Amino acid sequence: MKYNFQKIEKKWQARWQDEKTYEPDFDTAKAPFYNLMMFPYPSAEGLHIGGVRTFTGVDVYGRFKRMQGFNVFEPIGLDGFGINSENYALKIGEHPATLSKKTEKNFYRQLEEIGNGFAWEEKLETYDPEYYKWTQWIFIQMFKRGLAYRKKASVNWCPKCLTVLADEQVVSGQCERCSTKVIKKNLEQWFFKITDYAERLLSGLDVIDWSENIKTAQRHWIGKSEGARIRFFLVDVPGQEDKKHFVDIFTTRPDTLYGATFIAVSPELAKFWMDVGWQVSDEVRAYVMKCLETPTPAGVGAPTKTSGEKTGIFSGISAVNSINNEKIPVWISDYVLSGYGTGAIMAVPAHDERDFEFARKYDLPIKKVVEGEGDVFTGDGKLINSGKFEGLSSQDAKEKIVTHVGGEQKIQYRLRDWLISRQRYWGPPIPMIWCDKCDKWMPEREENLPVRLPDVKEFRPTGTDKSPLANIPEFYKTTCPECGGEARRETDVSDTFLDSAWYYLRYLDPKNTKEFVSPERANKWLPVSMYIGGSEHAVLHLLYVRFVSMALHDMNFLSFAKDSGGEPITCFRSHGLIVKDGAKMSKSKGNVVSPDEYIRVYGADSVRMYLAFLAPLEDGGDFNDTGIRGITRFLARVWQYFENKNNTDKHDAETENYAQKTIRKVSGDIEQLKYNTAISSLMQLLSQLEEAPSARASYALLKMLAPLAPHLAEEIWREVLKNESSIHRTSWPEAKAIAEDLTFTLVIQINGKMRDSVETEIDINEKDAAILALSREKIKTQLAGKTPKKIIFVPRRLINIVV
RNA sequence: GCCGCGGUGGCGGAACGGUUUACGCAGAGGACUUAAAAUCCUUGACCCGAAAGGGUUUGUGGGUUCGAAUCCCACCCGCGGCACCA
């Protein structure tokens, strides 16, 4: 009988749900294993083939762990809030709320059809008020703890789309959608104080088992620098001659202080000086204003400048380098970042590439103070031209010089605070209230949560600095939680990355109306055992998840993983990216490969296995479907093998031994997410079984196949082999002792090149092997009478004759 | 520019100090069939040779080693991330 996958796959998907095959018992589980995949944001075009590869890849691992005896929890949900979804809604002119209902349905259909062992009863969507109620609650806790605060900040603004853009939507200074030059706008924004956690986020990386590339990216993003803050007193400040002014700079190279030939300050700092009344020339004023208007793309927190031609202008002010009382000019330049350090630097052109470039351009002095090669020497070395510090090494000089000039040792991080507010519609309203009378921001009362996102017609960005919610008095008009007077709600919504920073917690307890998660469940199931997702989230989502968990720990809302300071994820692996024709799949490029047609034609099992067979899960690659028939042939052969009942009654010692080796290999491969080689081993085992059928080996094959082809394996297990309960609840075959091989193939090399091979007994010693090798006809011919100089013998492998 | 990953048959990929190309796809030849599909069997890098056999080959060039795709150095190319962080 032919295997009818269409009917059979549907049947088992329904029965697994009925039988709750993949629902863990949260409270009694003895060996919890939290198998998490990054939940998708439901785009309108549906799941693409790369997503299917990731999700089924994660599922293979989860099913493997379940069969190894773990109580696996593998939840699924949708990250449906956010600008991506909203932009698409805007484009097609449909309301995000109605659109999300459609995409939700389509996504869940697809996610069911791929045959994953999801715990469907715990599914969640971030736009569900029962979910974002707790997103808002977390915001409030952050506020109460002083981790959420307001400050003025530049945001990215697209003048054509009339909206702010997320940092990720600014591509080299232009709007991702319309390529209009993005400008900066100075708005008051909500921030999360992630910088308070810089050190913990950094040191935690040492104890978690995450893909190395992700850890490196995070270390770099946090960017710890050890240096010093040094004060320079200013002279010639126009209009301020009677007062004593100074500028503080941050440097990692205080040892080069003697080489400082000018001070450079950011345009923002210069603007501040102007604002407090320092008089500057018209040219300087014009330069500063021009810099501040120039668009700049942004990082995670406050915006930073991009590279490019450095410009600058002499401010008219000078500074005194207190180590040698030298008077040096203060320049204003766009190469100095305002959001890092103090927004001012001491420039040492002889020992810093950027300062050198600037000094060259404006013809400023270059003074060498460290011995070393080249025009610009950025390494450490022996100090020269440095007064009494002459001759010291850079290392020794650093501390001494800082002390000498009364500077302060300072650790500086690159990390900026997390800008959390968005002037958009499709997100959780930030649950804060401003009261004029009380003159402060207050959180909404927790019993009033959620602050519902109103269902309004006009959801498009307003073109002002405000969210569309600011046009809806029924929304923003409210009463003050403290004085009861008239008050106004915050009309911004929060960043979608806040939704996804805690979803793994809610999965454990999605129907809990009293708490965001019950402490018992959190303690039992966390940290997440295995998390698999894309490396594009290396420094966004994957940093926020850690930060929010640590913050919730500090507020005593969570208490798992105390040893690691509240690291939420033990193990993270990033999957490779599947591209099509060399490009990332996207609707605009028209290269999105949909899984639907493949599943219809070949079935979910074939699609799952084919995608797994392409390459290791952690590798990516270009998608093509030329090889899928190899998998369907294999599955058809498996089906045929088991349909022949005789095969499961027989016994063959050699096959059994072979199966043991396969079990070892496949178990190891799956553990390392190398499903491609696992499948290859299963194919070889099947060939062996077809030659010499054997009962136990047959079962081992079927069980090892179960995570990869769950429907087919279940059909054979229950309908053909007549087992009562699911194969997915059975245990993984155990590798028994392997019968020792009695012989092996001895490879015979001459000068490292293989010339011959011979089957011989496994324990042959060097002497016998040499005699055997030298007696071979081929070898005699090759040697042509030459005598071996040396013999290298590797037991059970080869013999190398050196002449 | 910096960081990370990678470069192996016509293709996806194995091997990660010891027989390069496991497994699969595509190709070629054959069997079955009236025919096709499906299935099964054989074959499978390049060059020289009728054959036996020999030589070459893991991006390029060096090095270490009895032996290198694998380790080291330099370079070239591709992909991803970060980009004036003082």
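The model shown is predicted, which means the values in this text are computed figures rather than measured ones.
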A:I214 CD1 - B:rC3 P separation (whole Å):
18 Å

Expressed as a whole number of angstroms, how long is the span from A:D622:CG to B:rG80:P?
12 Å

What are the residues of residues 682-693 of chain A, sorted by number, that bring a heavy atom to within less than 4.0 Å of RNA chain B?
A:M683, A:Q684

Starting from P on B:rA68, measure out to CE on A:M754 and report it in whole angstrom.
16 Å

Between A:S315 and A:V330, is there a donor-acceptor pair closer than 3.5 Å when you use the side chain of the first and the backbone of the second?
yes

B:rU39 phosphate, OP1 or OP2, under 4.0 Å from A:R629 side-chain N/O
yes

Salt bridge flag under 4.0 Å for residues A:R360 and A:E357:
no

Pair partner, B:rA28 [Watson-Crick or wobble, under 3.5 Å]:
B:rU42

Ranking B:rA15, B:rC84, B:rG18 by distance to the side chain of A:L798, first place goes to B:rG18

With a cut-off of less than 4.0 Å, is there a side-chain N or O of A:S681 near OP1 or OP2 of B:rA22?
no

Indicate whether OP1 or OP2 belonging to B:rC25 is found under 4.0 Å from a side-chain N or O atom of A:R633.
yes

Please report the distance, rounded to the nearest Å, between CD in A:E759 and P in B:rU19.
16 Å

For A:R637, which contact category applies under a 4.0 Å heavy-atom criterion: base, sugar-phosphate, or nothing?
sugar-phosphate

Can you measure A:I222 atom CD1 to B:rC3 atom P for me and round it to whole angstrom units?
19 Å

Separation of B:rC82 atom P from A:L543 atom CG, nearest Å, is 13 Å

Using purine N1 to pyrimidine N3 plus N6-O4 or O6-N4 for Watson-Crick, or N1-O2 and O6-N3 for G-U wobble, both under 3.5 Å, which nucleotide pairs with B:rG6?
B:rC77

What is the nucleic acid contact for A:K753, judged by heavy atoms within less than 4.0 Å: base, sugar-phosphate only, or nothing?
sugar-phosphate

Using a 4.0 Å heavy-atom cut-off, does A:G227 contact any base of the nucleic acid, only the sugar-phosphate backbone, or nothing at all?
nothing

For B:rG81, does OP1 or OP2 lie under 4.0 Å from any side-chain N or O of A:Q218?
no

Atom-to-atom span, CD1 of A:I792 to C1' of B:rC66 - whole angstrom:
4 Å

Closest to the A:V794 side chain, choosing from B:rG18, B:rC82, B:rG13
B:rG18

